[in-house]
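Just below is one structure, and these are the notes that go with it.
Chain letters run A, B, ... following the sequence lines, proteins first, then strands; residues in each count from 1. We use all heavy atoms of the structure for the numbers below, so side chains are in, but hydrogens, waters and symmetry mates are not.
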Number of protein chains: 2
Amino acid sequence: MRIGELAKKTGVPARMLRYYEEQGLISPRRLDNGYRMYDDYLVDRVKKIRGLVDSGIPTRIISSILPCLDQPQTIVVKNAEPGLRELLVTERDRMSDKIDFLIHNRDSITRYIEAIDAAATQEQSLEAG
Amino acid sequence: MRIGELAKKTGVPARMLRYYEEQGLISPRRLDNGYRMYDDYLVDRVKKIRGLVDSGIPTRIISSILPCLDQPQTIVVKNAEPGLRELLVTERDRMSDKIDFLIHNRDSITRYIEAIDAAATQEQSLEAG
DNA sequence: CTTGACCTTCACATTAGTGGCAGGGTCCAC
DNA sequence: GTGGACCCTGCCACTAATGTGAAGGTCAAG
């Protein structure tokens, strides 16, 4: 598909798709007329990139972990560069920290919302009573 | 405590503490000489801010949800502004999405690391055999 | 064969989050 | 009473991510 369609399917503006390409996150083929051509699997990949960016992970790091995120374990595990494992562990742990942190705070917000609702309910019963 | 001590305790540079203040996230008292004075409870608050920023949440939004994150439910639930609940729900859901997303990808990374280790182990047994 | 919807590159602008420094005040300890 | 460690404000600069728009090529449909 061309860039406009991919943008529509992912919700990521074409501008950003070109930017991600520039950062080495995706490498669309080119048609004879110069247009970018995106394979279907890139839809998921772009969504993944968005999610990672939105979670505060810079593109520089995304580019190094992205190949490890494709589900059917890519053939690439062979001759793993020595630094790669360490990097993955670091990033994995960082993600775990974020997860724990987000869960904790999300639950706080949920409790707060419940408190608001409880207060509203109570107020209503006061009005009625 | 003064800004240097808070910086040390939180790992957040003084420069950033001033920035967070500018963004309305913390409001230290001032000594007669103009020095900022931070109460102890701000240590946790600053850590919370860091975590949220690192998770890709902009300070603008942090400032609106931060009051709802203090653990002993603040007295503030009363006269909840109408938009607040909606905003909290939105942000809570956004956080839930991030959590799911991060868990999924973290697990992918973990599997990849395990694959690396398995490959290394296998290689060793080949050498030995 | 022209119009409109796409696409291209290039470039400039903005925002958020940072880092860093200069010029100057405060205060403790020697 | 001086030096060093701390604080202040203000400003300039940088990066990453993003918006926007100009100037121009492609192509299908009328």
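Remark: T59(B) is not in phosphate contact with dA16(C), judged by side-chain N or O atoms under 4.0 Å from OP1 or OP2.
The separation between D54(A) atom CG and dA16(D) atom P is 17 Å, rounded to whole Å. Atom C1' of nucleotide dC7(C) and atom CG of L6(A) are separated by 14 Å, given to the nearest angstrom. Look at CG on L17(A): it is 10 Å from P on dT8(C), rounded to the nearest Å. As rounded to whole Å, 8 Å separates atom P of dC8(D) from atom CD of E21(B). Distance R2(A) CZ to dT26(D) P: 13 Å, rounded to the nearest Å. Rounded to whole Å, atom P of dA17(D) lies 11 Å from atom CD1 of I57(A). Whole-Å rounding puts the Q23(A) CD to dA17(D) P distance at 6 Å. Here the C1' atom of nucleotide dG19(D) and the OH atom of Y20(A) are 13 Å apart, to the nearest Å.
Of the residues in residues 28-38 of chain B, those placing a heavy atom less than 4.0 Å from an atom of DNA chain D are R30(B), G34(B), Y35(B), R36(B), in numerical order.
In this structure, I26(A) and I49(A) have side chains that are in contact, with non-hydrogen atoms separated by less than 4.5 Å. Counting only heavy atoms from C-beta outward, the side chains of V12(A) and Y20(A) approach each other to under 4.5 Å.
K98(A) places no side-chain N or O within 3.5 Å of a backbone atom of L102(B) that could act as its donor or acceptor partner. Within the 3.5 Å criterion, the main-chain N or O of Y35(A) finds a donor-acceptor partner in the side chain of N33(A). At distances below 3.5 Å, at least one donor-acceptor pair connects side-chain atoms of R45(A) with backbone N or O atoms of L25(A). Proximity of a side-chain donor or acceptor of K48(B) to a complementary backbone N or O of L69(B) within less than 3.5 Å is detected.
Hydrophobic clustering places V89(B) together with I65(B) (ILVMFWY residues linked when any side-chain heavy atoms are closer than 4.5 Å, directly or through intermediates).
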Grab the N/O contacts between the protein and nucleotides 10-15 of chain D below 3.5 Å, and write none if there aren't any.
none

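When distances are taken from the side chain of Y19(A) to each of dA16(D), dG19(D), dC6(C), the shortest belongs to dA16(D).
Between E91(B) and R94(B) there is a salt bridge, since a side-chain N of the basic residue sits under 4.0 Å from a carboxylate O of the acidic one.
Residues satisfying the salt bridge (Lys or Arg N to Asp or Glu O under 4.0 Å) criterion with R92(B), sequence neighbours excluded, are absent altogether.
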